[in-house]
Amino acid sequence: QKEVEQDPGPLSVPEGAIVSLNCTYSNSAFQYFMWYRQYSRKGPELLMYTYSSGNKEDGRFTAQVDKSSKYISLFIRDSQPSDSATYLCAMSPTGNQFYFGTGTSLTVIP
Amino acid sequence: DSGVTQTPKHLITATGQRVTLRCSPRSGDLSVYWYQQSLDQGLQFLIQYYNGEERAKGNILERFSAQQFPDLHSELNLSSLELGDSALYFCASSGTSWDTQYFGPGTRLTVL
């Protein structure tokens, strides 16, 4: 079993929809949780970063961490065609080892 | 443009060969991270250097090695290459805070 599981999709939604992306994990030592966005043929870019449990909001993006369920989510409100990309969740126990999900491919249809 | 540069962009080589991938971090960044991204394994953390010293090691094979030079650029050496080493290799850099890593455009390695 991989330490981080992520549904690869693909996920296709109409413009303006709310998108929910999720990851589960097995290592209870993970304390840091990140979401990256990766456009085709580009390197990943950090979207959101949270420490421990709770919610964090940044514009149209909200990250949620539920450590009791070992489950993290990224919500995208009012999705735009420019949000079409692969979204990677990532986790770390101490900030010097990083474990990634395989990524969810998202397409937002105008 | 993240400010992280990687060369070459593409590399095609044969099994058993050795290659060197190069990364220049963003100006002022002391940390360099190497990652491998393949279709079946996804993105995997390989190794981190901070100001010339190895800081953390992930799923890096013994056939792979890296170093960071005094000018802070880094090289990832891959030897005895196998077909399964074909992947995108990313370098990222960060300043004093690891949580904001800036990724380079990657080097696509194809082993034939």
Side-chain angles (χ1 to χ4, degrees), chain A residues 1-10 21-27 29-52 54 56 58 61 63 65 72 85-106, chain B residues 1-7 9-10 21 23-26 29-51 53-60 66 76 87-109:
Chain A
Q1 183 191 3
K2 296 191 75 168
E3 293 200 71
V4 180
E5 299 281 356
Q6 183 175 10
D7 186 341
L21 305 167
N22 311 293
C23 289
T24 59
Y25 63 95
S26 56
N27 189 343
F30 289 147
Q31 296 283 352
Y32 302 92
F33 304 91
M34 294 144 282
W35 285 95
Y36 285 84
R37 177 174 61 196
Q38 185 174 20
Y39 291 114
S40 181
R41 288 186 286 276
K42 300 282 190 183
E45 57 179 321
L46 182 68
L47 273 179
M48 304 279 289
Y49 154 67
T50 50
Y51 172 73
S52 196
K56 186 172 185 178
D58 184 0
F61 298 89
V65 175
I72 72 169
T86 296
Y87 290 79
L88 303 160
C89 63
M91 307 178 190
S92 179
T94 56
N96 62 359
Q97 290 279 351
F98 305 95
Y99 301 85
F100 287 77
T102 49
T104 300
S105 175
L106 171 68
Chain B
D1 186 356
S2 66
V4 178
T5 59
Q6 289 187 247
T7 56
K9 285 187 179 179
H10 302 277
L21 313 183
C23 168
S24 292
R26 293 189 324 149
D29 283 356
L30 298 179
S31 281
V32 168
Y33 310 77
W34 285 100
Y35 295 87
Q36 178 194 59
Q37 188 172 40
S38 60
L39 281 174
D40 55 342
Q41 296 289 330
L43 193 63
Q44 291 195 90
F45 167 68
L46 297 179
I47 198 164
Q48 179 203 356
Y49 278 82
Y50 178 83
N51 202 21
E53 299 290 324
E54 183 184 305
R55 175 65 66 90
K57 201 176 254 194
N59 293 326
I60 188 165
L76 179 67
L88 260 175
Y89 290 84
F90 287 106
C91 165
S93 75
S94 71
T96 52
S97 180
W98 64 266
D99 56 290
T100 306
Q101 296 181 34
Y102 294 88
F103 280 73
T107 292
R108 182 171 293 281
L109 173 66

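Protein chains get the first letters and strands the later ones, always in sequence-line order, with residue 1 at the start of each. In this text, all values refer to a predicted model and were calculated from it rather than measured experimentally.
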Q: If I compare all heavy atoms of A/Gln97 with all of B/Ala56, which pair ends up nearest, and what's the gap?
A: NE2-CB, 4.4 Å
Q: At a heavy-atom separation under 4.5 Å, does B/Tyr35 approach chain A through its side chain, its backbone, both, or neither?
A: side chain
Q: Using every non-hydrogen atom in the two residues, find where B/Gln37 and A/Leu88 come nearest and quote the distance to one decimal.
A: NE2-CD1, 4.4 Å
Q: Looking at B/Thr100, B/Leu88, B/Leu43, which has the largest count of heavy-atom pairs under 4.5 Å with chain A?
A: B/Leu43
Q: Using every non-hydrogen atom in the two residues, find where A/Asn96 and B/Gln48 come nearest and quote the distance to one decimal.
A: CB-OE1, 4.1 Å
Q: With a 4.5 angstrom heavy-atom cut-off, which part of B/Tyr33 approaches chain A: side chain, backbone, both or neither?
A: side chain
Q: Inspect the surroundings of CZ in B/Arg108 and state if more than 12 heavy atoms from other residues, nucleotides or ligands are less than 6.0 Å away.
A: no
Q: Can you tell me which of A/Gly43, A/Gly101, A/Gly95 forms the most heavy-atom pairs within a distance under 4.5 Å of chain B?
A: A/Gly95
Q: For the residue pair A/Gln38 and B/Phe90, establish whether any side-chain heavy-atom pair is separated by less than 4.5 Å.
A: yes
Q: Is it the side chain or the backbone of B/Gln6 that comes within 4.5 Å of chain A heavy atoms, both, or neither?
A: neither
Q: If you take all heavy atoms of B/Phe103 and A/Tyr36, which pair is closest and at what distance?
A: CE1-CE2, 3.6 Å
Q: Check the pair A/Phe98, B/Gln101 against side-chain contact (heavy atoms from CB on, under 4.5 Å), reporting the backbone distance first and the verdict last.
A: CA-CA 12 Å; A/Phe98 305 95; B/Gln101 296 181 34; 3.3 Å; yes
